[in-house]
**Student:** 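Structure in structure tokens, see below.
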Amino acid sequence: MATFQTLPGFREFYPEDLVRRNHLFRLWRQAANSFGFAEYDAPVLEPLELYTAKSGPEIEGQLFSFTDKGGRQVALRPEMTPTVCRLVGAKASALKRPIKWFSIGEFYRYERMQKGRGRCFHQFNADIFGEPGPEAEIELIALLIQCFGAFGLTEEDFHVRLSDRNLWFYYLGALGLDDARIRGVLGAVDRYEKYGDDAFKAYAEQFGGLEESLKARILGFLKINSLAAIEQAIGELAAPAGGVGAPADKLQARLADWKKLLGALDAMGLARFVTVDFGVVRGLAYYTGFVFEAFDRKGELRALAGGGRYDDLVEKLGGPALPAVGFAIGDMTFGLLLEQRGLTPKFVTGPDVYCVIGGEAERLAAFRDIHALRSAGFRVEYPLKEVAFGKQFKAAAESGAKVALIYGGDELAKGVVKLRDLTQRSEVEVPRDQVAAAVRDLLAGP
RNA sequence: GCGGCCAUAGCUCAGUUGGUUAGAGCACAAGAUUGUGGAUCUUGGGGUCGCGGGUUCGAGCCCCGUUGGCCGCCCCA
């Protein structure tokens, strides 16, 4: 029994696990590249203030934080957004626009583990900086969908729920709520799906109960699920029955943004993945416009991905004023979904060539070819120690190799190597100086 | 931070009302097999029964604590 255990919530990746993880990363990276996003990376350890500045001091309870030997308060990164804001902010004036960046990294949160959540996890992050219009959302939501579709997930498997914190703010403001109350209501809206009416308890404790008529209007707004419903709500907002209407020009601009966003996604053939759903508001205070979250269609898993616009954050973290939109996909819930849908393919990790070697004399001859084949890019295996032929053939078959090269005394005496096609179970003798070419031909064949 | 369930070999698990030296399958390794296939047969390595304490003549089994895991709550950037 091992004396030392893995720290709670941390994961180890044995080779077969890492193969699967790499598969995720490979397809995500491919999707981002095809959308023209540039990959970056950054430190795992950051100043604690980078996170407390954004989220308040309470956040420290959720962080792996400590004081380093230089007396600095530091924390393992719990997310990428503040880091990438710093990177972009520091060179904002020198970066070509639009700034489209992505990364894949490991993150750490000091939390209790649950299904789909651990203390360390990986995230794919994609962000666009410098673009205030919905063109940025179009790119990002399309990329998000592609990051899922690349695995064979369809609209039967997941959808992206899209909402708008701007309209929420306009609406709640028009209902006469101040900023603190608006945030309180949004907190309730965020939880409404899960708790129903109980979601308003926290609000009631802080501000007193909501009037029934007010609550009914909020719940009505929460049920907005189509462009037509948005249009209608905007019409009502511009000319409210009572109270203060939101600025008409802003509302019209917002409606135009919605039309542009949904129209573009439809033109890409992605409308079937997108659900308008004002029940999504995201808990975070810093989101400023469109927000979206991806869920499995069955609603069994926690969120697969989340994102939105955060136009004020770069400036708040000390950079220039720079509009931004971004999203992140976590690897844990996403992996669960792939597993549920049987979309984690069997990975062939076998070599191209397995060498069967007679004895120590033949081994030296084989080594020359093995190294040459490996240098030529083939994946070549051989038994490290002298083993009976029967065992070697068994090992060759089990390895998954398509080709066996047989270095026996008889062959080498004739200046040849036997090349066995392990699939066809056929053999040919090949002169030693033509081994690489013969292997290449066989592997390239049908 | 809180609650429920759980912990026996690398994995999946059995283990009688508490009773001798803790078992099976799979996996791994060796042999059958010194030149041809994933099979089969034989054999083997591998366990502080998570850890610590208690009850008992005797604990894998009962009790307490602790660590870890799963699930949920809080939270979820």
Side-chain angles (χ1 to χ4, degrees), chain A residues 1-12 14 16 46 50-56 58-63 75-85 107-119 121 123 125 127 187 190-191 194-195 198 201-202 282-287 291 293 300 302-308 310 313 317 326-330 332-333 336 350 354-362 385-413 418-427:
Chain A
M1 202 49 70
T3 310
F4 297 107
Q5 297 180 312
T6 315
L7 254 21
F10 281 77
R11 295 184 292 173
E12 284 158 334
Y14 282 81
E16 66 267 27
E46 292 275 17
L50 184 62
Y51 305 110
T52 52
K54 176 191 156 201
S55 310
E58 324 79 60
I59 195 68
E60 193 177 350
Q62 319 260 12
L63 298 176
L76 288 170
R77 62 183 181 192
E79 58 166 331
M80 198 51 127
T81 306
T83 300
V84 71
C85 284
F107 300 88
Y108 308 86
R109 296 179 185 175
Y110 199 87
E111 293 188 285
R112 191 76 175 167
M113 308 165 48
Q114 271 173 60
K115 191 174 185 178
R117 190 171 83 179
R119 286 182 170 182
F121 54 93
Q123 272 188 352
N125 275 262
D127 296 272
D190 192 37
R191 293 168 199 200
K194 199 166 180 183
Y195 300 103
D198 287 348
K201 269 186 183 164
R282 314 250 321 135
L284 280 304
Y286 63 80
Y287 283 112
V291 288
E293 291 185 332
E300 291 170 349
R302 60 175 62 242
L304 295 156
Y310 50 99
L313 194 58
L317 292 173
F327 74 84
I329 310 172
M332 294 186 79
T333 307
L336 285 173
Y354 194 99
C355 291
V356 174
I357 300 168
E360 286 308 317
E362 290 77 21
K385 291 181 190 162
E386 191 167 347
V387 180
F389 265 94
K391 278 242 189 275
Q392 292 191 59
F393 280 104
K394 190 183 272 192
E398 285 175 347
S399 75
K402 298 166 200 74
V403 177
L405 287 175
I406 301 156
Y407 290 85
D410 300 346
E411 288 84 357
L412 292 178
K418 235 178 230 169
L419 185 153
R420 181 173 176 84
D421 183 329
L422 290 166
T423 319
Q424 302 292 321
R425 297 182 174 232
S426 60
E427 281 178 8

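Below, all heavy atoms of this structure are taken into account, side chains as well, without hydrogens, waters or symmetry copies. Lettering follows sequence order; numbering is per chain, from 1.
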**Student:** If the P atom of C64(B) is compared with that of C5(B), how far apart are they to the nearest Å?
**Tutor:**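 So the two P atoms sit 12 Å from each other.
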**Student:** Within the modelled atom types, does a donor on one side and an acceptor on the other bring the side chain of R109(A) and the base of C76(B) under 3.5 Å apart?
**Tutor:**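 A donor-acceptor contact between them is absent.
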**Student:** Under 4.0 Å, counting only non-hydrogen atoms across every strand here, what does E386(A) touch: a base, just sugar-phosphate, or nothing?
**Tutor:**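 E386(A): no heavy atom of the nucleic acid under 4.0 Å.
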**Student:** Given atom CG of L405(A) and atom C1' of U36(B), what is their separation to the nearest angstrom?
**Tutor:**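 In whole Å, U36(B) C1' and L405(A) CG are 14 Å from each other.
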**Student:** Which base sits across from A14(B) as a Watson-Crick or G-U pair, both distances under 3.5 Å?
**Tutor:**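 A14(B) is paired with nothing.
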**Student:** Under 4.0 Å between any heavy atoms, over every strand shown, what does L50(A) touch: base, sugar-phosphate, or nothing? Just pick one.
**Tutor:**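 No contact.
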**Student:** Determine whether any donor atom in the side chain of R420(A) lies under 3.5 Å from an acceptor atom in the base of G37(B), or the reverse, and answer yes or no.
**Tutor:**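 It does, because a donor-acceptor pair links the side chain of R420(A) to the base of G37(B) below 3.5 Å.
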**Student:** Compare the aromatic ring of F393(A) with the six-membered base ring of G37(B) and state whether they stack according to the 5.5 Å and 30° rule.
**Tutor:**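 Per 5.5 Å and 30° rule: no stacking.
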**Student:** Check this one for me: any side-chain N or O of K391(A) less than 4.0 Å away from OP1 or OP2 of U36(B)?
**Tutor:**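 Checking U36(B) against K391(A), no side-chain N or O comes under 4.0 Å of OP1 or OP2.
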**Student:** Looking at C75(B), does its base get a donor-acceptor pair with the side chain of R112(A) below 3.5 Å?
**Tutor:**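 There is none.
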**Student:** Applying a 3.5 Å limit to both distances, which nucleotide forms a Watson-Crick or G-U wobble pair with G52(B)?
**Tutor:**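 Paired with C64(B).
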**Student:** Using purine N1 to pyrimidine N3 plus N6-O4 or O6-N4 for Watson-Crick, or N1-O2 and O6-N3 for G-U wobble, both under 3.5 Å, which nucleotide pairs with A27(B)?
**Tutor:**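 Across any shown strand, A27(B) pairs with none.
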**Student:** Determine the Euclidean distance between corresponding P atoms of U66(B) and U43(B); express it in Å to zero decimal places.
**Tutor:**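 The answer is 47 Å between these two P atoms.
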**Student:** Considering only side-chain heavy atoms of Q114(A), which listed nucleotide, G37(B), C73(B), U36(B), is closest?
**Tutor:**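 For the Q114(A) side chain, the nearest candidate turns out to be C73(B).
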**Student:** Identify the nucleotide, in any strand shown, that forms a Watson-Crick or G-U wobble pair with C2(B), with both distances under 3.5 Å; if there is none, say none.
**Tutor:**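 With both distances under 3.5 Å, C2(B) matches G72(B).
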**Student:** Tell which nucleotide pairs with U40(B), taking only Watson-Crick or G-U wobble pairs whose two distances are both under 3.5 angstrom.
**Tutor:**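 Looking at the geometry, U40(B) pairs with A32(B).
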**Student:** Expressed in whole Å, how much space separates the C1' atoms belonging to G47(B) and C41(B)?
**Tutor:**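 Straight-line distance between the two C1' atoms is 27 Å.
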**Student:** Rounded to whole angstroms, how far apart are NZ on K394(A) and P on C28(B)?
**Tutor:**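 Rounded to whole Å, this separation is 11 Å.
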**Student:** Mark yes or no for whether E362(A), through its side chain, and G359(A), through its backbone, hold a donor-acceptor pair below 3.5 Å.
**Tutor:**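 Checking the backbone N and O of G359(A) against the side chain of E362(A), a donor-acceptor pair under 3.5 Å is found.
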**Student:** What is the distance from CZ of R191(A) to P of C73(B), rounded to the nearest Å?
**Tutor:**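 Rounding to the nearest Å, CZ of R191(A) and P of C73(B) are 12 Å apart.
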**Student:** What's the closest nucleotide to the E398(A) side chain, out of G38(B), G31(B), C73(B)?
**Tutor:**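 My answer, after comparing the listed nucleotides, is G38(B).
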**Student:** Using atom C1' in both nucleotides, what's the gap between U16(B) and C61(B) to the nearest angstrom?
**Tutor:**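 Per the computed distance, 11 Å lies between those C1' atoms.
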**Student:** C49(B) and G23(B): how far apart are their P atoms, nearest whole angstrom?
**Tutor:**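 So the two P atoms sit 13 Å from each other.
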**Student:** Within 45° of the ring axis of Y108(A) and under 6.0 Å from its six-membered ring centre, is that where the NZ or CZ of R119(A) lies?
**Tutor:**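 No cation-pi geometry.
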**Student:** Spell out, as yes or no, whether a donor-acceptor pair under 3.5 Å connects the side chain of R302(A) to the backbone of K115(A).
**Tutor:**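 The answer is yes, because a donor-acceptor pair under 3.5 Å joins these two groups.
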**Student:** Using a cut-off of strictly less than 4.0 Å, decide whether Y14(A) has a side-chain nitrogen or oxygen near OP1 or OP2 of C11(B).
**Tutor:**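 So the side-chain polar atoms of Y14(A) never come under 4.0 Å of the phosphate oxygens OP1 or OP2 of C11(B).
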**Student:** Answer with yes or no whether Q392(A) presents, from its side chain, a donor or acceptor under 3.5 Å of a partner atom in the base of U36(B).
**Tutor:**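 Donor-acceptor pair under 3.5 Å: no.
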**Student:** Would you call K418(A)-E411(A) a salt bridge at under 4.0 Å N-O?
**Tutor:**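 So K418(A) pairs with E411(A) through a salt bridge.
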**Student:** Could you tell me the separation between the CZ atom of F107(A) and the P atom of C75(B), rounded to a whole number of Å?
**Tutor:**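 Distance check: F107(A) CZ to C75(B) P gives 23 Å.
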**Student:** For L336(A) and C71(B), what is the distance between atoms CG and C1' respectively, to the nearest whole Å?
**Tutor:**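 Going from L336(A) (CG) to C71(B) (C1'), I get 13 Å.
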